[in-house]
Amino acid sequence: MSSTSHPTLRRTLGLRSVVLFGLAYLTPLIVLGIFGVVAETTSGAAPSAYALALVAMLFTALSYGRMAAAYPVAGSAYTYVRRTIDARAGFLVGWAVLLDYFFLPMVIWLIGGSYLAEQFPAVPTPVWIVAFIVLTTGLNLAGIKVADRANSLLMIFQILVLVFFVLLAAGHLVSGRGPASLFSLTPFTGEGASVTTVAAGAAIAAYSFLGFDAVTTLTEETVEPRRTIPRAILLVALIGGGIFVVVAYVTQLVHPGGAFADSSAAASEIARTMGGSLFGAFFLAGLVVAQFTSGLAAQASTTRLLYAMGRDAVLPRRVFGYLHPRLRTPVFSILLTGLVGLIAVRMDVATSTSFINFGAFTAFVFVNVAVIALYVRERRAGRRPGVLAYVVAPAIGAVIDLYLLTQLDGHAITLGLIWLAAGAAYLAYLTRLFRVPPPELDFAEQSQAAPVSSG
């Protein structure tokens with residue numbers, strides 16, 4: 001079967017579009033959504049937690065960039081591990097990533113529906129959730145270019161909300177305590193913070209970074225992906241991390257310490273304190289827009305991962321490997337993620353989010369290991385990639401990600417291990433008790449890695 005006998009994904013995205021998709025997936029406003037939880041965990045040192053998480057994620061972002069340059073195809077961590085380590089390991093990593101990708105849109109829609117239901121109590125939460133799902137699913141069905149245009153406009157609004165929040169916070173501080181109040185080390189040191197509390201906060205804060213890796217799922221819809229995707233990955237991590245640290249810093253200045261009446265709604269209370277009910281409404285609008293753009297990007301990324309696994313026939317090919325002939329979108333995968341999102345009407349945020357970080361950190365660990373495996377393969381082929389870039393940096397990234405994985409809630413780890421066990425059982429069935437490798441299609445663009453430089 002040749003790759004030209006079926007519709008293929010269309011290359012239309014440039015660097016700006018890919019970066020905006022990544023930032024939309026990150027949802028910059030999420031820093032305010034979980035600020036209270038991070039500040040509470042770190043005893044008032046939220047910026048330090050975000051700074052530590054940024055450093056940790058940069059090591060992994062570099063590894064994703066190197067793998068995206070070597071294998072410019074959809075599939076992200078699943079493809080990278082499959083190509084460099086083992087097809088069975090790749091399947092299990094892809095299965096773990098599904099926890100992150102598959103359930104994240106559901107969590108996003110659930111949070112967005114909760115925001116609106118709180119503001120408009122006469123309308124039940126399920127109505128808002130269904131509205132989110134219908135709108136994002138419709139845009140993603142229409143094609144990546146349509147979703148890109150909508151995403152760009154809504155991201156501008158989300159950034160404006162953040163800018164207004166920071167400016168309002170700065171004005172609030174200056175008017176109350178003078179210009180000198182804008183500069184302090186207290187938000188980084190906290191009130192009784194320690195290395196342990198900051199590390200625990202970083203494990204939570206790392207959730208905000210989930211998305212820099214998602215842009216790799218758009219590789220086959222990106223112009224010059226070997227060059228564009230690695231740059232986009234680093235830009236998303238750096239820009240997103242910079243926003244998180246700055247916003248956490250000014251918010252921690254406005255509210256020192258980690259004591260809140262309700263940590264999950266801390267930022268909303270702070271916004272109303274600084275700007276009154278009018279800014280509180282504007283802030284709510286920003287949160288809703290943030291959830292919509294994030295859901296749009298998350299659903300697009302999820303369906304590209306499902307498409308890659310369906311194209312390889314690891315998942316049923318007729319369903320997940322299908323592209324609409326005219327729209328060039330994985331229609332069945334998009335509809336399926338929309339249906340899964342309906343589960344949100346019967347779940348709470350705490351339960352649904354418990355799945356996500358386990359899958360993400362598992363993928364992060366293995367992508368770093370995949371870079372080291374690529375180094376070994378390149379050496380055997382007679383090439384000499386840099387030891388620092390292809391061994392030392394990814395090894396540090398893998399250790400950090402593994403540590404953050406162990407810092408997750410015990411329920412998240414338990415649920416993650418159960419999910420992996422189910423994946424192993426399905427893999428055993430798929431491979432006749434591991435006697436044969438998982439099925440794979442030999443597409444020309446996927447057949448080999450690009451040689452890496454010796455730098």
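Scope of the values below: all heavy atoms of this structure, side chains included, with no hydrogens, waters or symmetry mates.
- Nearest heavy-atom pair across Pro225 and Thr222 is CD-O, 3.4 Å.
- The heavy-atom pair separating Ile133 from Gly341 by the smallest distance is CD1-C, 3.5 Å.
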Show your working on side-chain contact (heavy atoms from CB on, under 4.5 Å) between Val31 and Phe165 and close with a plain yes or no. CA-CA 12 Å; Val31 62; Phe165 184 91; over 6 Å; no
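- Proximity of Leu336 to Val319: side-chain heavy atoms (C-beta onward) are nowhere separated by under 4.5 Å.
- For the atom pair OG1 (Thr137) and CG (Leu339), the distance works out to 8.5 Å, reported to the nearest 0.5 Å.
- In this structure, CG on Leu92 lies 11.5 Å from CD1 on Ile85, to the nearest 0.5 angstrom.
- Here the CZ atom belonging to Phe358 is positioned 9.5 Å from the OG1 atom belonging to Thr414, to the nearest 0.5 angstrom.
- Residues Thr41 and Thr197 fail the side-chain proximity criterion, which asks for heavy atoms closer than 4.5 Å.
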Please test Thr228 against Val223 for side-chain contact (heavy atoms from CB on, under 4.5 Å), starting from the C-alpha separation and ending with a verdict. CA-CA 7 Å; Thr228 301; Val223 179; 5.5 Å; no
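- Without hydrogens or angle criteria, Arg66 side chain to Pro394 main chain gives no donor-acceptor distance under 3.5 Å.
- Counting only distance, with no hydrogens or angles, the side chain of Trp109 and the backbone of Leu342 share no donor-acceptor pair below 3.5 Å.
- Looking only at side-chain heavy atoms (C-beta outward), Asp401 and Met57 come within less than 4.5 Å of each other.
- A donor-acceptor contact shorter than 3.5 Å links the side chain of Thr251 to the backbone of Val247.
- The CD1 atom of Ile204 sits 8.5 Å away from the OG1 atom of Thr42 when rounded to the nearest 0.5 Å.
- The two residues Ala202 and Leu404 have their closest heavy-atom pair at C-CD2, 4.2 Å.
- Applying the 6.0 Å contact sphere to CZ of Phe91 captures more than 12 heavy atoms from other residues, nucleotides or ligands.
- Heavy-atom minimum distance, Phe209 versus Gly241: CE2-CA, 3.6 Å.
- Side-chain contact between Pro72 and Ile229: absent, with no pair of heavy atoms (C-beta onward) separated by less than 4.5 Å.
- Put simply, CG on Leu52 and CD1 on Ile400 are 7.5 Å apart, with the number rounded to the nearest 0.5 Å.
- Scanning all heavy atoms of the two residues, the minimum distance from Ala398 to Val365 falls at O-CG2, 3.9 Å.
- Contact check for Tyr307 versus Leu323: side-chain heavy atoms found under the 4.5 Å cut-off.
- Contact annotation: the side chain of Leu235 approaches that of Leu15 to within less than 4.5 Å [non-hydrogen atoms, C-beta and beyond].
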Determine whether Leu162 and Leu32 satisfy the following criterion, side-chain contact (heavy atoms from CB on, under 4.5 Å), listing intermediate values before the conclusion. CA-CA 9 Å; Leu162 277 174; Leu32 294 174; 4.1 Å; yes
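- Relative orientation of the Phe244 and Tyr50 rings is tilted, given thresholds of 30° and 60° on the angle between their planes.
- Here the closest non-hydrogen pair linking Phe320 and Leu306 is CB-O, 3.5 Å.
- Side chain of Gln252 to backbone of Phe188: no donor-acceptor contact under 3.5 angstrom is found.
- Taking the six-membered ring wherever Trp is involved, the centroid distance between the rings of Tyr375 and Tyr390 does not fall below 6.0 Å.
- In this structure, Tyr80 and Tyr64 have perpendicular ring planes: the angle between them is above 60°, well past the 30° mark.
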Given Asn140 and Thr303, is the side chain to side chain donor-acceptor pair (under 3.5 Å) satisfied, shown in steps? CA-CA 9 Å; Asn140 275 313; Thr303 55; over 6 Å; no
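- Between Val371 and Thr84 the shortest side-chain heavy-atom distance does not fall below 4.5 Å.
- Separating the CG atom in Leu335 from the CG atom in Leu141 is a distance of 5.0 Å, to the nearest 0.5 Å.
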